[in-house]
Amino acid sequence: MSGFDDNPFADPFAEPSIQQATRGSSQNGLEEYDPFSSQRTGNNTTTTVGTGGNAAPYVQPVVGSGVVSGQPAVVTPTPNNPPTYTPSAQQQVTTAEFQRRQEELEKKAEELARKEEELRNVGSAGARQDNWPPLPAAFPVGPCFYQDINVDIPLEFQKIVRMLYYLWMFHALMLLLNILGSLGLFIQLDEGSTFGLAILYFILFTPFSYICWFRPVYKAFRSDSSFNFMVFFFVFSVQLIVSIVNAIGIPGTGSCGWVAVSRSFKAGYIGLGVFLVLIALGASALAAAVAYALIWVHRIYRSTGASFAKAQAEFSQGVMRNEHVQNVTANAASAAVRNQFGAPTTPGA
């Protein structure tokens with residue numbers, strides 16, 4: 001037969017078994033073809049295509065032990081429970097931050113409520129009662145000032161005011177330790193002048209430092225007073241110089257600084273020298289803290305928009321509103337008027 005007898009539309013890539021099944025079905029008829037007649041042999045499935053002598057079995061491989069199966073895959077859904085919910089680290093941090101802010105707001109609300117209650121009590125009582133220094137009731141001298149940082153000072157300035165108050169207490173403690181160190185110098189090195197000056201410094205500088213630089217900065221932050229800021233800057237600058245001199249320990253100045261430490265070690269008094277080292281370290285730390293506080297307050301002062309002109313205006317207004325100044329000015333003006341218009345005139349004048 002010639003090659004033209006083949007079907008020109010036949011699939012050249014069709015399998016021989018399919019071609020044979022097609023030929024068998026065309027010869028024997030489609031009625032005799034049973035596509036579902038299969039015979040399982042081992043791990044493979046043998047399907048008999050067509051009937052008669054030309055029927056050829058078609059073996060379909062079954063999946064198993066690496067053998068590819070020709071049967072359609074059946075997808076069986078497997079139950080898969082969703083994973084348990086666990087909050088992430090970011091959510092935990094966010095929750096903690098939220099709780100912290102909520103606690104801060106509650107504290108501020110309580111503080112504001114307490115301030116309102118105190119202001120109501122002050123308004124009903126008339127004037128606030130002095131509470132500083134906190135002296136016992138049996139003491140012959142009572143408190144001289146009213147001080148309550150939580151009530152008088154705004155929230156954004158309470159931290160710096162508390163720090164300055166603690167700095168004043170540390171300054172008083174260093175003056176007391178200076179007395180003890182100068183007592184050791186008086187006993188060991190016979191320096192009576194240093195001991196006497198140390199006692200005088202403690203008696204004078206403890207109350208004066210509170211009145212001259214802490215009270216001005218307290219009133220400055222309480223009422224936003226430029227004049228009190230100026231007073232604080234002037235006095236606190238002097239305090240910085242005095243603290244540096246005390247840390248150095250110049251002989252004859254009444255301070256137990258580094259010079260007194262070296263003299264004690266040279267004289268062979270090791271115990272006294274170690275104690276003076278502690279005092280010198282405290283005096284040095286005090287000087288550094290004073291410098292830091294001065295810079296901090298100055299930055300806050302500049303950020304509030306205050307100026308020297310505002311301080312002058314506050315000073316002039318405060319002086320003119322003073323009752324004693326007003327009385328003196330009125331008396332001087334009345335005396336000048338009497339001298340000008342009440343004096344007798346001479347004849348022929």
Side-chain angles (χ1 to χ4, degrees), residues 132-136 139 141 144-145 147 149 159-218 231-299:
W132 200 95
L135 300 174
F139 205 74
V141 181
C144 303
F145 305 98
Q147 175 178 315
I149 297 176
K159 182 178 180 181
I160 177 64
V161 175
R162 283 195 182 91
M163 193 271 286
L164 290 170
Y165 182 61
Y166 297 150
L167 185 61
W168 172 80
M169 291 192 293
F170 183 61
H171 170 63
L173 176 63
M174 290 307 304
L175 291 176
L176 181 61
L177 293 178
N178 189 50
I179 294 177
L180 299 178
S182 61
L183 178 61
L185 291 175
F186 175 64
I187 295 174
Q188 300 294 339
L189 300 178
D190 197 15
E191 292 187 4
S193 61
T194 302
F195 180 61
L197 289 175
I199 296 176
L200 182 64
Y201 291 163
F202 178 77
I203 295 174
L204 293 179
F205 290 163
T206 300
F208 283 177
S209 59
Y210 180 85
I211 297 172
C212 295
W213 61 261
F214 179 73
R215 286 300 297 181
V217 75
Y218 183 88
V231 174
F232 167 76
F233 289 141
F234 175 75
V235 180
F236 208 60
S237 299
V238 177
Q239 176 67 52
L240 176 60
I241 297 173
V242 173
S243 300
I244 294 174
V245 172
N246 291 335
I248 295 174
I250 300 175
T253 58
S255 59
C256 302
W258 294 107
V259 176
V261 170
S262 62
R263 293 175 60 191
S264 299
F265 281 114
K266 287 180 180 179
Y269 300 107
I270 306 300
L272 177 62
V274 171
F275 182 67
L276 293 180
V277 165
L278 298 178
I279 297 177
L281 288 174
S284 302
L286 177 63
V290 168
Y292 177 75
L294 183 62
I295 296 173
W296 190 2
V297 175
H298 185 265
R299 288 179 179 176

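In what follows, every heavy atom counts, from backbone to side chain, and hydrogens, waters and symmetry copies are set aside. Note that the structure is a prediction, hence the values are computed from the model and not measured. For this chain, numbers begin at 1 and follow the sequence in order.
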Note to self: Tell me the closest heavy-atom pair linking Phe214 and Val161, and the distance in Å.
What the structure shows: CE1-O, 3.8 Å
Taking only distance into account, with no hydrogens and no angle test, what donor-acceptor pairs under 3.5 Å do side-chain atoms of residues 264-289 form with protein atoms, sequence neighbours excluded?
residue, atom, partner, partner atom, Å
Ser264, OG, Ala260, O, 3.0
Ser284, OG, Trp258, NE1, 3.1
Ser284, OG, Ala280, O, 2.9

Notebook entry, point to check: So how far is it from Ser182 OG to Ile187 CD1, rounded to the nearest 0.5 Å?
Noted result: 10.0 Å
Next item on the list: Supply the atom-to-atom distance Tyr218 OH to Leu164 CG, rounded to the nearest 0.5 angstrom.
Entry: 12.5 Å
Check: Which heavy atom in Val231 sits nearest to a heavy atom in Cys212, and how many Å separate them?
Finding: CG1-O, 4.1 Å
Item checked: Separation between CZ of Phe208 and CD of Gln239, rounded to the nearest 0.5 Å -> 13.0 Å
Notebook entry, point to check: Would you call the rings of Trp296 and Tyr292 parallel, tilted or perpendicular if under 30° counts as parallel and over 60° as perpendicular?
Noted result: tilted
Extract all donor-acceptor atom pairs below 3.5 Å that involve side chains of residues 189-205 and protein atoms in other chains or at least two apart in sequence.
residue, atom, partner, partner atom, Å
Glu191, OE1, Thr194, OG1, 3.3
Glu191, OE2, Arg263, NH1, 2.8
Glu191, OE2, Arg263, NH2, 2.2
Tyr201, OH, Thr253, O, 2.7

Next item on the list: To the nearest 0.5 angstrom, please state how far the CD atom of Gln147 sits from the OH atom of Tyr165.
Entry: 5.0 Å
Enumerate, atom names and distances included, each donor-acceptor pair closer than 3.5 Å involving a side-chain atom of residues 167-181, sequence neighbours excluded.
residue, atom, partner, partner atom, Å
Trp168, NE1, Thr206, O, 3.1
Trp168, NE1, Ser209, OG, 2.8
Asn178, OD1, Cys256, N, 3.0
Asn178, ND2, Gly254, O, 2.8

Check: Does some side-chain heavy atom of Ser255 sit less than 4.5 Å from a side-chain heavy atom of Ile250?
Finding: no
Margin query: Please confirm whether the ring centroid of Phe145 lies under 6.0 Å from the ring centroid of Tyr210.
Written below: yes
Note to self: Would you say that more than 12 heavy atoms from the other residues, nucleotides or ligands in this model lie under 6.0 Å from the CZ of Arg299, or not?
What the structure shows: no
